[in-house]
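Chain letters run A, B, ... following the sequence lines, proteins first, then strands; residues in each count from 1. Only heavy atoms go into these numbers, but all of them, side chains included; no hydrogens, no water, no symmetry mates. No experiment lies behind these values; they were computed from the predicted model shown.
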Amino acid sequence: MGGPGKRVPRGETIVAEDGHGWIVETQHLTKIYRNRQIALNDVTLTLEPGCVLGLLGPNGAGKTTLLRLILGLHRPTAGSVRVFGRLMTPNAADIRRRIGYIPTNPQFPRGMTPISYLDYIGRLFGLPRDVRKPKLATLIRAVDLLPHSGEPIAHFTPGMTARLAVAASLINEPDLLIWDEPTHGLDIEARRSMLELIKQLASEKTLILSSHNLSDVDEVCNHACVLNKGQMIFHGTLQDLKGRIRRNHYELDVDGEHKAISKAVGVLRGLKDFIQVVFRHRRLDVKLGEETPNTALLAQLFQVLHDHKITVISVRTVGMQTEQAYLDLVEREESRGFVRLYPASEAA
Amino acid sequence: MSTNAAARGEWSRSGSGRRAGEMTDPPAVVTVRFHRFLPYWAVLQTDLRQTAQGWLFVLWIALVVIGVCGFFLYRVGVQQEAGLVQSAAVLCAEALRAAFLGSLAVVVILSVAAISSERGTVADAVLSRGISRHQYFLARQHARVILVGIAFALISTGIIAAGSLLFRGEADISLSGAAVVIGLLSLLLAVVAAVGVVLGALTNSAVLGITIYWLLLYGGGLLLMLAPESWPGPERELTRLRYVLQGYYSAAYYGRIALTAIAIAFAATICGLIGFSRKDV
């Protein structure tokens, strides 16, 4: 991704330092379906080689539309998409030869077996027989479909279908992988395998993963792009996204005399910037204010606990970090309303 | 899933198949050669096979064969029981007329559905690969045109051959006339299929495309029936089939019809190519 993580004002262009080498570059990308539905609104983003981008957003945010525009399956209403430095169009077959795509709920032509399907996909990429045949055999082996290689795909479980889709997306040795919700509908074991595969592929390829599952993105991605109602509200590194979390809500599992704990709670409630202190079932729930640095407040908290001879068993922030940061972003974007029309820089 | 294989050099650019740690020499870079027209052939072959195995195509052939067999058996019965002598050309023309008009309805569905029924994830699985919209469109269209053309040519050949054999006493069918009828009817149905694929590519739903095409074809045919005699109406041309089968026809006239039909198909294909490459799938 180009540039540090930041909220993207409407229409802002992120320019690379050297201006070259983007895998994907979109400029003011907008998609309006039949003048009725704005699916994507002025999205400008860049993707550099080796980036694993997690595409996040609620249902209808425009994630799949963005992916389909990048692939040239849809034509933009306005703006442009460049992939490997070249303009993506519906007829840009040579660019798509370098992309591996898995749609959400992949479907396959009826009556085909994994071998015939992968052979078909290989031919769609223009791969000659001597390249195609060994490759499809290797892939079928790699995704553990060898015992089922002669069975019709129609009888496959979702896990097997997902593995076949992975094999199909890798047959052309792509430089860019675009996987739309690859863990959707998979059981725990298949999901784990998929995530491990993504991690391994990430070392040599550029990936775009669309997902609803924030823990998946948290585990395998190094960059994130958040869409909400067709608008890109964040793009940058995952660390930048997590940096937006409100670091003021903690849970502490404590041990000590009940009387001492109640006394400590009373003291904490009297302190400035301790907005909420609740003790329930040996768990202390503390919300801190944002004005004072949280390190100072936490020091006060531990001092009080120490003074009352209370032992801390564990400390954690409330909510998963990425999830919390994502929810905060979406919530803030919802509340901005008309403000988003006038970015702070313009207003100044 | 055995994910280790994915991470190994098995599908890396080097293509050497050895682990990185085992390599002593730098891996030889294999440049993957792409066959430019292989995607077109892949879609064409797959569509031909799948359409020929599809229930609609099988139903079409079965209905036409059963209908023609029933018609001829009835006529043979009439000839043998009542002793009515019947012209083979007349009977074959009647059978061909019914088969053509019946086939028209099915060919519309077969052709319009070629692209429009696959919109969405199935088309995604194809169009997201290394195939251009032009190649995909042409492959689909050519597959349907070939299948419809060949299927009807075989059907009409079968009808004429059966008619000639069953009504040998009044075998008045000329070889050249039969060839013209088979060629012309097959060509017209193939053109209907070609234009149908275009409509399917340009409309947003198969049902809408089929409805529009049926209205155009049957409505247009009805209007042409009301047109002056000098105009080539479908009903008039189908009525004349008996004379063509007997060898009474103008090669120039039917040549003009064939050329006009090909020109219509060609123009429609150009529109389809342009329109489909500008559409979302």
Side-chain angles (χ1 to χ4, degrees), chain A residues 31 33-34 68 71-75 89-94 96-99 101 103-112 119-128 131 135 138-139 141-144 159 162-163 165-166 168 170-173 175 178 190 193-194 196-197 199-201 203-204, chain B residues 1-15 17 20 30-47 49-50 53-55 118-137 139 204 273-274 276-281:
Chain A
K31 181 67 189 176
Y33 289 114
R34 295 192 214 171
R68 292 170 72 87
L71 281 159
L73 295 172
H74 281 180
R75 279 165 55 89
T89 65
N91 280 313
D94 47 345
R96 278 194 292 270
R97 282 200 191 107
R98 297 176 64 189
I99 302 175
Y101 174 57
T104 329
N105 297 323
Q107 288 185 15
F108 304 96
R110 62 186 185 277
M112 282 193 175
D119 188 58
Y120 177 50
I121 296 296
R123 287 194 294 158
L124 286 177
F125 280 116
L127 295 172
V131 176
K135 199 166 285 177
T138 308
L139 282 169
R141 226 173 250 282
V143 297
D144 280 349
R163 281 183 273 160
V166 166
L170 294 171
I171 199 164
N172 55 327
E173 295 181 5
D175 298 311
I178 297 177
S193 299
M194 184 70 83
E196 290 301 322
L197 176 64
K199 278 185 203 170
Q200 290 176 353
L201 289 170
S203 60
E204 59 184 57
Chain B
M1 198 186 304
S2 103
T3 53
N4 288 336
R8 286 201 302 263
E10 284 165 352
W11 51 48
S12 68
R13 280 273 170 212
S14 70
V30 177
T31 309
V32 178
R33 292 170 287 120
F34 294 108
H35 283 191
R36 193 176 169 79
F37 294 104
L38 196 55
Y40 168 84
W41 285 113
V43 175
L44 181 80
Q45 286 173 350
T46 308
D47 194 62
R49 193 172 52 247
Q50 291 195 332
Q53 291 169 352
W55 67 269
E118 287 212 340
R119 280 238 162 78
T121 48
V122 178
D124 275 10
V126 177
L127 290 167
S128 61
R129 318 292 174 183
I131 185 169
S132 68
R133 291 282 180 91
H134 291 159
Q135 282 197 356
Y136 178 80
F137 172 81
N204 287 315
L273 276 174
I274 296 167
F276 186 57
S277 64
R278 300 175 69 85
K279 269 189 86 72
D280 296 341
V281 290

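Scanning both residues, B:R278 and A:R75, for their nearest heavy atoms gives O-CD, 3.0 Å. Residue A:G72 comes nearest to B:R133 through the heavy atom pair O-NH2, 3.5 Å, listed as atom of the first residue, atom of the second, then distance. Nearest heavy atom pair, residue B:P39 against residue A:L124, reads CG-O, 3.2 Å.
For the atom pair OG1 of B:T46 and CG of A:D119, the computed distance is 9.0 Å after rounding to the nearest 0.5 Å. Atom CG of residue A:L73 and atom OG of residue B:S128 lie 6.0 Å apart, to the nearest 0.5 angstrom. In this structure, A:R96 CZ and B:I131 CD1 are separated by 9.0 Å, a value rounded to the nearest 0.5 Å.
Contact annotation for A:K199: neither backbone nor side-chain heavy atoms come within less than 4.5 Å of a heavy atom of chain B. Looking at B:Q135, neither its backbone nor its side chain comes within 4.5 Å of chain A, counting heavy atoms on both sides. At a 4.5 Å heavy-atom cutoff, A:A92 makes no contact with chain B through either its backbone or its side chain. Interface remark: B:D47 contributes no atoms to any contact with chain A (heavy atom separation under 4.5 Å).
Looking at A:N91, its side chain never comes within 3.5 Å of a backbone N or O of B:S277 through a donor-acceptor pair. The closest donor-acceptor contact from the side chain of A:R123 to the backbone of B:L38 lies at 3.5 Å or more, if one exists at all.
With contacts defined as side-chain heavy-atom distances shorter than 4.5 Å, the pair A:N172/B:R129 does not qualify. Between B:V43 and A:Y120, the closest side-chain pair of non-hydrogen atoms falls below 4.5 Å.
Between A:R68 and B:D280, no side-chain nitrogen of the basic residue sits less than 4.0 Å from a carboxylate oxygen of the acidic one, so the salt-bridge criterion is not met.
Top candidate by heavy-atom pairs under 4.5 Å with chain B, chosen from A:L71, A:I99, A:I121, is A:I121.
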